[in-house]
Amino acid sequence: MQQINYLDRSFGGPGGPPSFQQKQSVGRSPSHTLRIIELALLVGAERAADEGGAVRQGQELLGAGTQAVLIKGGHASGPRSTDILLRSNQEPIRFDTPRLAASMRGTGCMLASAIAAHLAKAYPLEDSARKGKLFVFERLEKHAAE
């Protein structure tokens with residue numbers, strides 16, 4: 001069974017450093033869903049300036065023993081929101097949706113939970129990430145229409 005670690009960033013007091021609260025979903029082998037800034041903090045680097053830099057940082061985590069990293073693109077810029085799934089010895093897989101003007105809190109937790117739910121139904125990680133991304137996109141789309 002796959003384990004997903006979702007890191008929820010919170011900030012300390014004024015000017016205080018960010019801290020992370022780790023939330024785990026079901027399973028055994030570690031995977032991470034990360035925003036670009038969280039990825040940079042975990043590898044001890046500056047925030048990646050582009051997709052290539054984010055992939056390199058994700059590959060550093062893979063080199064440290066993480067089995068999979070999903071780099072979330074919701075906080076990036078541009079007309080598309082692209083999440084990137086990285087796994088050892090495999091090509092990156094991109095999950096792409098139009099960027100919506102809508103904003104909602106909790107979409108990262110929603111994504112990690114949706115992925116975990118699909119993994120629990122025995123879907124492969126790639127399918128689970130794709131279905132999770134679509135689920136969050138549809139929720140944002142519905143929220144924008146309200």
Side-chain angles (χ1 to χ4, degrees), residues 1-11 18-146:
M1 191 178 289
Q2 184 76 32
Q3 174 178 318
I4 298 175
N5 293 322
Y6 172 67
L7 301 179
D8 189 14
R9 182 179 58 167
S10 60
F11 291 93
S19 63
F20 292 100
Q21 175 185 8
Q22 184 167 315
K23 299 177 180 181
Q24 293 188 353
S25 299
V26 297
R28 288 186 314 222
S29 52
S31 299
H32 297 282
T33 57
L34 302 167
R35 290 179 272 192
I36 293 171
I37 187 66
E38 295 160 345
L39 178 62
L41 289 169
L42 283 177
V43 298
E46 294 293 319
R47 179 183 171 149
D50 57 23
E51 183 180 292
V55 168
R56 282 189 294 282
Q57 289 177 350
Q59 288 169 335
E60 282 187 51
L61 285 180
L62 292 176
T66 298
Q67 293 183 7
V69 175
L70 182 65
I71 303 167
K72 300 184 312 163
H75 290 274
S77 59
R80 309 291 295 175
S81 173
T82 304
D83 294 356
I84 306 167
L85 177 63
L86 302 175
R87 293 174 288 178
S88 296
N89 302 316
Q90 296 185 31
E91 288 296 313
I93 298 170
R94 286 163 178 78
F95 307 104
D96 188 67
T97 59
R99 185 171 307 282
L100 299 173
S103 179
M104 272 176 59
R105 290 195 45 82
T107 54
C109 291
M110 186 186 308
L111 175 62
S113 296
I115 294 169
H118 287 97
L119 288 171
K121 293 179 180 180
Y123 284 99
L125 179 57
E126 180 180 341
D127 293 343
S128 297
R130 181 176 288 108
K131 289 173 182 288
K133 172 84 171 172
L134 182 59
F135 176 78
V136 172
F137 175 77
E138 288 171 349
R139 293 295 307 201
L140 277 168
E141 203 171 38
K142 182 177 178 184
H143 181 73
E146 293 176 350

Atom [atom1] in [X], atom [atom2] in [Y]: separation rounded to 0.5 Å?
X    : Y    : atom1 : atom2 : value
Q67  : L125 : CD    : CG    : 10.0 Å
D127 : L119 : CG    : CG    : 10.0 Å
I71  : Q59  : CD1   : CD    : 8.0 Å
E138 : H143 : CD    : NE2   : 15.5 Å
H118 : R130 : NE2   : CZ    : 12.0 Å

State, with a plain yes or no, whether a side-chain heavy atom of [X] is found less than 4.5 Å away from one of [Y].
X    : Y    : answer
I115 : L70  : yes
T97  : L140 : no
R99  : P79  : no
F95  : L134 : no

Discussion item. Tell me which one of L42, V43, V69 satisfies side chain to side chain contact (heavy atoms under 4.5 Å, CB included) with E60.
Written reply: V43
If you look at every heavy atom in [X] and [Y], which pair is closest and at what distance?
X    : Y    : result
E51  : I84  : CG-CD1, 3.3 Å
A54  : L39  : O-CD2, 3.2 Å
R56  : D50  : NH2-OD1, 4.4 Å
A114 : G132 : CB-CA, 3.8 Å
P98  : R80  : CG-NH1, 3.5 Å
L85  : A68  : CD1-CB, 4.4 Å

Practice prompt. List the steps, then state whether salt bridge (Lys or Arg N to Asp or Glu O under 4.0 Å) holds for R87 with E126.
Written response: CA-CA 10 Å; R87 293 174 288 178; E126 180 180 341; 3.7 Å; yes
Worksheet item: Counting only N and O atoms by type, is there a donor-acceptor contact under 3.5 Å from the side chain of Q57 to the main-chain atoms of E46?
Response: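 Here the side-chain-to-backbone pair exists.
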